[in-house]
Amino acid sequence: MTSPPSPRADASPRLRPSRLPRTFFARPTLDVARELLGRRLVRVERGRRLSGWIVEAEAYVGQEDLACHAHVGRTPRNQVMWGLPGHAYVYFTYGMHWCLNLVTEQDGRPAAVLLRGLLPVEGLPAMRRRRGGVPDDRLADGPAKLCQCLSIDGRLNGDDLCAPDARLFVERAHLRRPGPVTVGARVGLNSVPEPWKSKPWRFRLTQASPPRKRIG
DNA sequence: AGCACGATTAACT
DNA sequence: GTTAATCGTGCTC
């Protein structure tokens, strides 16, 4: 006799084709952030795939980075960042928003990549339901919007993206014509001192979306 | 127990 | 350009 499969028991290739392994995340955070661009982030929820191309990411690198949550030392909130690479650090902010990071570098070194933008690929009806009223390429163009679209909240904090039955992971598949990468200062660091405030650790894919219909 | 603030967003002038 | 929403978190008393 077999019991009915639990929501996380299905590790089938159909739901979870070739994914980025832990060795991908266990590297310098700037490299990981840049190389995540154009890859596909996938969320498996109740046997359904929600996904999008990663088009924007920021690096937060170590306790010495005064913009990184880890700069205050190890706390219950940020402890996942000190752990193994390839795990999800999901935090709550402004009393209402969740944001998703992917932990990088080696065990014991607090660093992560904040995912700030996706181009939706799979599960668009669900995303439109959650974020109605905007064009599809604007559904997930912010760190908290991305989490809304993929149904990501604190329950996924600490999830292993490299586990066989992961609910969240990054596929090896990448955009064929991703376009140029734009580098700039990280966003929202209003009270962070220099030089951290201006470090060019924000990476974006431009021209990643299909050309818009010409107006007029 | 109380407080100030935030890796944001939508709505507004 | 500005502001309010809204509450977990980490700090101080």
Side-chain angles (χ1 to χ4, degrees), chain A residues 25 28-37 39 41 43 52 54-83 85-105 109-120 126-159 161 168 170 181-205:
Chain A
F25 299 99
T29 306
L30 295 186
D31 295 343
V32 176
R34 184 184 279 271
E35 293 173 33
L36 279 171
L37 297 182
R39 307 268 185 179
L41 178 70
R43 164 86 164 104
I54 298 169
V55 295
E56 181 176 348
E58 287 176 354
Y60 289 86
V61 192
Q63 192 164 4
E64 68 273 18
D65 175 6
L66 295 187
C68 181
H69 286 171
H71 84 272
V72 296
R74 188 170 181 150
T75 70
R77 183 204 202 193
N78 67 31
Q79 65 169 328
V80 174
M81 259 199 294
W82 262 267
H87 285 248
Y89 166 45
V90 184
Y91 70 89
F92 187 67
T93 192
Y94 291 101
M96 64 193 98
H97 298 304
W98 296 98
C99 296
L100 169 67
N101 296 259
L102 308 185
V103 175
T104 57
E105 314 227 0
R109 172 113 207 259
V113 174
L114 172 68
L115 300 186
R116 295 191 53 94
L118 298 181
L119 279 181
M127 297 184 192
R128 294 189 191 109
R129 237 177 285 129
R130 294 186 170 115
R131 297 249 328 116
V134 301
D136 287 348
D137 63 349
R138 306 290 311 275
L139 284 169
D141 64 345
K145 301 178 195 177
L146 174 164
C147 286
Q148 272 184 253
C149 278
L150 295 199
S151 192
I152 292 166
D153 62 26
R155 289 172 294 191
L156 275 74
N157 188 40
D159 261 34
L161 280 76
L168 186 67
V170 183
V181 174
T182 301
V183 181
R186 295 172 292 181
V187 174
L189 310 183
N190 299 306
S191 58
V192 173
E194 300 290 359
W196 310 104
K197 185 174 181 167
S198 299
K199 292 278 186 189
W201 291 354
R202 180 193 193 198
F203 303 93
R204 277 184 298 168
L205 274 187

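Naming convention: chains lettered A, B, ... in sequence-line order (proteins, then strands); numbering from 1 in each chain.
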For A:Lys199, side chain to side chain donor-acceptor pair (under 3.5 Å) partners two or more places apart: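 Partners of A:Lys199 under the side chain to side chain donor-acceptor pair (under 3.5 Å) test: none.
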Taking only residues two or more places apart in sequence, or in another chain, which ones meet A:Asp136 in a side chain to side chain donor-acceptor pair (under 3.5 Å)? A:Arg128
Criterion side chain to side chain contact (heavy atoms under 4.5 Å, CB included) on A:Leu115 and A:Val113, from CA distance to verdict: CA-CA 6 Å; A:Leu115 300 186; A:Val113 174; 4.1 Å; yes
Tell me which donor-acceptor pairs under 3.5 Å the side chains of residues 85-94 of chain A have, and how far apart each pair is, sequence neighbours excluded?
{"unit_1": "A:His87", "atom_1": "ND1", "unit_2": "A:Gly158", "atom_2": "O", "d": "3.2"}
{"unit_1": "A:Tyr89", "atom_1": "OH", "unit_2": "A:His69", "atom_2": "ND1", "d": "2.7"}

Can you name the salt bridge (Lys or Arg N to Asp or Glu O under 4.0 Å) partners of A:Asp153, sequence neighbours left out?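 A:Asp153 satisfies salt bridge (Lys or Arg N to Asp or Glu O under 4.0 Å) with A:Arg155 once adjacent residues are dropped.
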Tell me, please, which residues at least two apart from [X] pass side chain to side chain contact (heavy atoms under 4.5 Å, CB included).
X: A:Val187; answer: A:Glu58, A:Arg116, A:Arg202
X: A:Ala185; answer: none
X: A:Ala111; answer: A:Thr29, A:Thr104, A:Glu105
X: A:Val134; answer: A:Arg131, A:Arg138, A:Leu139

Give one of base, sugar-phosphate or nothing for [X], where a contact means two heavy atoms less than 4.0 Å apart.
X: A:Ala67; answer: base
X: A:Arg74; answer: nothing
X: A:Asn101; answer: base

Once Watson-Crick and G-U wobble pairs under 3.5 Å are found, how is DNA chain C written in dot-bracket notation, 5' to 3', with | for any base paired to another strand? |||||.||||||.
Can you pull the salt bridge (Lys or Arg N to Asp or Glu O under 4.0 Å) pairs that have at least one residue in residues 63-82 of chain A, sequence neighbours excluded? A:Glu64-A:Arg109, A:Asp65-A:Arg186
Kindly give the atom pairs (protein nitrogen or oxygen, nucleotide nitrogen or oxygen) under 3.5 Å for nucleotides 7-11 of chain C.
{"unit_1": "C:dC7", "atom_1": "O4'", "unit_2": "A:Gly95", "atom_2": "O", "d": "3.4"}
{"unit_1": "C:dG10", "atom_1": "OP1", "unit_2": "A:Thr75", "atom_2": "OG1", "d": "2.1"}

Where chain A begins and ends its contact with DNA chain B, read 5' to 3' at 4.0 Å from heavy atoms: B:dG6 to B:dA10
5′-ward residue of the pair A:Lys145/A:Leu114 relative to DNA chain B: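 Looking at DNA chain B, the more 5' nearest nucleotide goes with A:Leu114.
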